[in-house]
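A short write-up of the structure that comes next.
None of the values given here were measured: they were computed from a predicted structure.
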Amino acid sequence: MTFRVPRGTYDILPEEQTRWDLVTATGEKVARQFGYGRISTPLFEATDLFERGVGVDTDIVQKEMYTFEDHGGDSLTLRPEGTAGVCRAYIQHGMHNQPQPVRLYYMGAMFRYERPQAGRLRQHHQFGVEAIGDGSAQVDAEVIELALGFLSGIGMEGLTVKLNSIGDGDCRPAYLEALRDYFRPHAGGLSGVDRARLERSPLRLLDSKEAGTAELCAGAPHSVDFLDDQCLNHWNELLGYVEDLKLLYSDFKFQIDHRLVRGLDYYTRTVFEIHPPDVGAQSSVLSGGRYDGLIEELGGASTPGIGFGSGIERHILNLSRQESESCGGDAPEVVIIHLGRAATRACVLLAAQLRLRGVRTVLAPGRSMRGQLRYADSLSAGFALIIGQQELERGTASLKSLSDGKQTDVALDAERVAASLRA
RNA sequence: GUGGGCGUAGUGUAGUGGUUAACACGUCAGGUUGUGGCCCUGAAGAUCGAGGGUUCGAGUCCCUCCGCUCACCCCA
């Protein structure tokens with residue numbers, strides 16, 4: 001073995017591209033249908049952007065970022081998620097001057113230094129959307145609807161939508177205090193990790209998988225019971241919209257999950273995750289929420305926003321579990337078989353002319369005729385076009401159908417050949 | 001960072017401590033003059049993950065490291 005892909009990365013080989021294209025094409029189609037425009041931001045940004053956007057205390061910033069100093073001494077970081085960069089672009093390009101909300105989607109690679117496992121990579125790809133500049137619940141519903149449309153579009157089955165509201169900067173402190181009060185009496189029974197969480201970020205206790213903690217969580221106070229009037233109105237309004245969505249997307253299960261919190265600091269009010277049926281390691285395939293404080297935190301005017309990110313590799317993983325058949329649709333229409341030097345010269349030209357006419361054309365390698373036909377067959381080509389000395393002299397070519405073996409003569413002319421292929 | 005499983009041609013596998021490491025698929029070349037698939041023949045392709053140790057002898061037993069993989073943490 002010499003070189004391998006770096007750990008946690010992988011090559012997408014031609015055979016896998018069709019499945020990949022299905023996911024990405026569906027994402028783009030659905031996003032456009034909802035009026036979202038594509039944005040592509042750089043793969044790396046100033047390290048500060050992620051530290052402030054994602055949150056210094058998060059695992060992502062603490063131990064998962066690919067950070068490096070460039071030759072000019074700037075600290076840069078390969079993006080670990082998509083929202084921070086999009087918000088930076090929103091501010092930088094004065095998008096608050098556009099009609100609000102600004103609807104954007106993105107598709108691209110994300111980087112996190114993790115130990116790889118199923119559905120977990122160091123470089124993975126996300127399709128995500130952001131709706132920035134409108135804080136109303138109808139936008140929450142729109143983003144969730146877009147997620148449902150996307151997932152059903154790629155053929156995912158048996159998904160569960162989990163939903164929660166974690167309040168905002170005004171009402172969350174009271175909830176955090178209530179959580180601490182609830183857990184403190186049991187602190188002695190908590191693991192070391194969870195005890196640290198108790199003081200620093202009690203929300204995280206809720207999604208702890210430590211056996212004892214999980215049981216305790218059943219009786220823990222619910223964030224929705226601590227929402228202030230505005231947050232509560234927002235939440236109730238959203239729940240109304242969700243009732244309607246349930247009817248339209250009856251394949252999905254919906255549940256309010258009081259223990260749903262997110263690992264990124266910027267979320268406010270609405271948070272949601274969509275989970276596949278198999279309770280596997282890779283928990284959610286799509287997740288997002290509202291981030292009404294993020295733009296301001298990054299130096300813009302106070303601006304609400306909401307979005308989601310979804311892992312393309314996880315979708316593909318789940319799709320193959322559903323045994324969706326892989327279809328290869330780009331076999332060549334014609335393989336040109338050439339015998340002799342003069343014929344080869346003519347065939348190189350003819351191949352170029354056919355390609356200019358949109359025909360998927362492959363020139364066979366310089367082998368025996370039998371070898372070239374075998375080659376055409378191994379590529380699953382539709383036709384073989386045979387050209388040797390005889391054909392050159394007559395000004396014709398033999399067009400052989402590789403499905404039924406029938407052979408006809410056509411004039412040695414790209415236009416005629418293309419027409420025959422399409423007949 | 002922690003733990004479990006696994007490392008033999010490109011791929012998938014076989015190989016009671018004992019000669020030249022086997023098979024299938026794939027690749028390439030042939031199977032008379034210019035006609036594919038099936039079939040037949042042949043060839044190339046592996047320092048058995050790496051390094052040490054035990055032994056007359058190691059792909060096989062032991063140790064270390066590396067890699068892959070699954071899981072924990074966390075996440076998409």
request  = Could you list by number each residue of residues 370-385 of chain A showing a heavy-atom separation from RNA chain B of less than 4.0 Å, or answer none if no residue does?
outcome  = Arg370(A), Leu373(A), Arg374(A), Asp377(A)
inquiry  = Go nucleotide by nucleotide along RNA chain B from the 5' end; which of Gly311(A) and Glu391(A) gets its closest nucleotide reached first?
reply    = Glu391(A)
ask   = Using atom C1' of each nucleotide, how far apart are U69(B) and G30(B) to the nearest Å?
value = 42 Å
task = Could you give the distance separating C62(B) and U54(B) at their P atoms, to the nearest angstrom?
result = 15 Å
request  = Would you indicate, yes or no, if A29(B) has its OP1 or OP2 atom less than 4.0 angstrom from a side-chain nitrogen or oxygen of Arg367(A)?
outcome  = yes
key: For atom CD of Glu15(A) and atom P of G26(B), their distance in whole Å   = 15 Å
query = Between U11(B) and A50(B), how far is it from one C1' atom to the other, in whole Å?
reply = 23 Å
key: Between C1' of G36(B) and CG of Leu399(A), the distance in whole Å   = 14 Å
key: Distance between C1' atoms of U41(B) and G5(B) (Å, rounded)   = 42 Å
key: Length of the CG-P vector between Leu339(A) and U33(B), whole Å   = 12 Å
ask   = Roughly, in whole Å, what's the span from CZ in Arg4(A) to C1' in G10(B)?
value = 13 Å
key: Residue closer to the 5' end of RNA chain B, Gly388(A) versus Val5(A) (nearest nucleotide)   = Gly388(A)
ask   = Across the strands shown, which category fits Arg112(A) at heavy-atom distances under 4.0 angstrom: base, sugar-phosphate, nothing?
value = base
What are the atom names and distances for every N/O pair under 3.5 Å that joins the protein to nucleotides 41-47 of chain B?
none

query = Starting at CG of Asp409(A) and ending at C1' of G34(B), how long is that distance when rounded to a whole Å?
reply = 14 Å
task = Taking only the side-chain nitrogens and oxygens of Ser287(A), find out if one of them lies under 4.0 Å from OP1 or OP2 of A76(B).
result = yes
P-based separation of A44(B) from C23(B) [nearest Å] = 13 Å
inquiry  = Taking U35(B) as the reference, what is the distance to G26(B) when you measure between their P atoms (whole Å, please)?
reply    = 23 Å
Aromatic ring proximity, centroids under 6.0 angstrom, Tyr106(A) and Phe127(A) = no
note = All stems that RNA chain B takes part in, i.e. 3 or more consecutive Watson-Crick or G-U pairs with distances under 3.5 Å, are B:1-7 with B:66-72, B:10-13 with B:22-25, B:27-31 with B:39-43, B:49-53 with B:61-65
inquiry  = My understanding is that only residues two or more places apart in sequence, or in another chain, count here; which of them pass side-chain hydrogen bond (donor to acceptor under 3.5 Å, both in side chains) with Gln372(A)?
reply    = none
query = Across the strands shown, which category fits Gln390(A) at heavy-atom distances under 4.0 angstrom: base, sugar-phosphate, nothing?
reply = base
query = How is Gln407(A) classified with respect to the nucleic acid when contacts are heavy atoms under 4.0 Å: base, sugar-phosphate, or nothing?
reply = base
request  = Measure from the side-chain N and O atoms of Thr47(A) to the backbone N and O of Ser75(A), and report whether any donor-acceptor pair falls under 3.5 Å.
outcome  = yes
inquiry  = Show, in sequence, the C-alpha distance, side-chain angles and deciding distance for Tyr10(A) and Glu313(A), and conclude whether the side-chain hydrogen bond (donor to acceptor under 3.5 Å, both in side chains) test is met.
reply    = CA-CA 11 Å; Tyr10(A) 69 107; Glu313(A) 283 83 358; 2.7 Å; yes
remark   = For Phe226(A), the ring-ring contact (aromatic ring centres under 6.0 Å, His included) test, sequence neighbours excluded, returns Tyr175(A)
query = Rounded to whole angstrom units, what separation is found between the CZ atom of Arg115(A) and the P atom of G4(B)?
reply = 12 Å
request  = List for me each residue that meets side-chain hydrogen bond (donor to acceptor under 3.5 Å, both in side chains) alongside Ser368(A), sequence neighbours excluded, and say none if there are none.
outcome  = none
request  = For Arg32(A), enumerate each residue passing the side-chain hydrogen bond (donor to acceptor under 3.5 Å, both in side chains) test, keeping only those at least two apart in sequence or located in another chain.
outcome  = Tyr105(A)
message = Determine whether Ser401(A) and Gln407(A) satisfy the following criterion, side-chain hydrogen bond (donor to acceptor under 3.5 Å, both in side chains), listing intermediate values before the conclusion.
response = CA-CA 6 Å; Ser401(A) 163; Gln407(A) 203 159 322; over 6 Å; no
task = Would you mind classifying the nucleic acid contact of Ile386(A) as base, sugar-phosphate or nothing, using non-hydrogen atoms under 4.0 angstrom?
result = base
Nearest-Å distance once atom P is located in both U64(B) and C6(B) = 16 Å
query = At under 4.0 Å, does any side-chain N or O of Gln117(A) touch on OP1 or OP2 of A71(B)?
reply = yes
query = Taking only residues at least two apart or on different chains, which pairs with a member in residues 392-423 of chain A satisfy ring pair (Phe, Tyr, Trp, His ring centres under 6.0 Å)?
reply = none
query = Among the nucleotides A29(B), G36(B), G34(B), which one has an atom lying closest to any side-chain atom of Met369(A)?
reply = G34(B)
remark   = Among A76(B), G30(B), U69(B), the one nearest any side-chain atom of Arg7(A) is U69(B)
task = Taking atom C1' in both C63(B) and U27(B), compute the distance separating them and give it to the nearest angstrom.
result = 40 Å
ask   = Which pairs count as salt bridge (Lys or Arg N to Asp or Glu O under 4.0 Å) when at least one residue sits in residues 78-93 of chain A, sequence neighbours excluded?
value = Glu45(A)-Arg88(A)
ask   = For the atom pair CG (Leu206(A)) and NE2 (His222(A)), what is the distance rounded to the nearest 0.5 Å?
value = 9.0 Å
key: His124(A): ring-ring contact (aromatic ring centres under 6.0 Å, His included) partners, not counting sequence neighbours   = none
request  = For Leu121(A), answer base if it contacts any base atom (sugar-phosphate contacts may also be present), sugar-phosphate if it contacts only those atoms, and nothing otherwise; contact means non-hydrogen atoms under 4.0 Å.
outcome  = base
inquiry  = Under the rule for side-chain hydrogen bond (donor to acceptor under 3.5 Å, both in side chains), what residues qualify as partners of Ser287(A), not counting sequence neighbours?
reply    = Arg262(A)
message = Expressed as a whole number of angstroms, how long is the span from Gln62(A):CD to G1(B):P?
response = 16 Å
ask   = Partners of Tyr266(A) by ring-ring contact (aromatic ring centres under 6.0 Å, His included), sequence neighbours excluded?
value = Tyr291(A)
message = From CG of Leu159(A) over to P of A76(B), roughly how many Å is that when rounded to an integer?
response = 16 Å
